[in-house]
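Sequence positions, counted from 1, serve as the residue numbers for this chain.
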Amino acid sequence: MWTFSIAVLAESYEVPAMADAIKRYVARRLVEREHALADDAGRNVAQAVMYYGRRQRWRAVGMFVLGLFAGIAGLIALAMLTRP
């Protein structure tokens with residue numbers, strides 16, 4: 001399950017200043033992730049993370065297909081109910 005925490009990266013009314021703050025934050029997180037994956041090289045944690053990502057991707061594709069079928073079924077039902 002995902003947990004979210006709110007952190008203020010920067011406060012500014014200027015778009016370039018906010019863009020720079022966001023870029024710095026994302027770069028810092030990417031470097032931290034690379035270091036964590038490099039530290040876990042012998043423990044196969046990186047492969048577990050990749051497997052979990054693939055599973056999440058297939059779950060998202062499945063939900064999209066399910067929503068597509070539900071939308072089509074809803075349109076067919078609407079067409080049958082509104083038919084003269």
Side-chain angles (χ1 to χ4, degrees):
M1 201 73 199
W2 291 89
T3 57
F4 296 100
S5 62
I6 298 174
V8 177
L9 298 177
E11 292 182 7
S12 175
Y13 291 110
E14 301 296 323
V15 174
M18 289 304 297
D20 288 339
I22 292 169
K23 282 188 248 180
R24 280 194 309 272
Y25 174 76
V26 171
R28 231 181 4 252
R29 293 300 304 249
L30 286 172
V31 169
E32 288 174 7
R33 182 177 184 273
E34 289 296 322
H35 285 285
L37 289 175
D39 289 343
D40 295 332
R43 293 183 286 189
N44 295 330
V45 174
Q47 283 118 5
V49 169
M50 288 174 54
Y51 171 74
Y52 182 73
R54 280 193 209 115
R55 189 174 63 183
Q56 288 294 99
R57 189 177 312 123
W58 280 110
R59 184 177 295 164
V61 169
M63 287 293 118
F64 174 76
V65 170
L66 182 65
L68 188 66
F69 285 141
I72 290 170
L75 286 175
I76 291 172
L78 182 64
M80 304 266 295
L81 290 174
T82 60
R83 184 174 94 186

Other cluster members, Met63 - Ile/Leu/Val/Met/Phe/Trp/Tyr, side-chain contacts below 4.5 Å: Leu66

More than 12 heavy atoms of other groups within 6.0 Å of Glu32 CD: yes

Joint cluster assignment, Leu68 & Ile76, ILVMFWY side-chain distance < 4.5 Å: yes

Which donor-acceptor pairs under 3.5 Å do the side chains of residues 22-30 make with protein atoms, sequence neighbours left out?
residue, atom, partner, partner atom, Å
Tyr25, OH, Arg29, NH1, 3.2

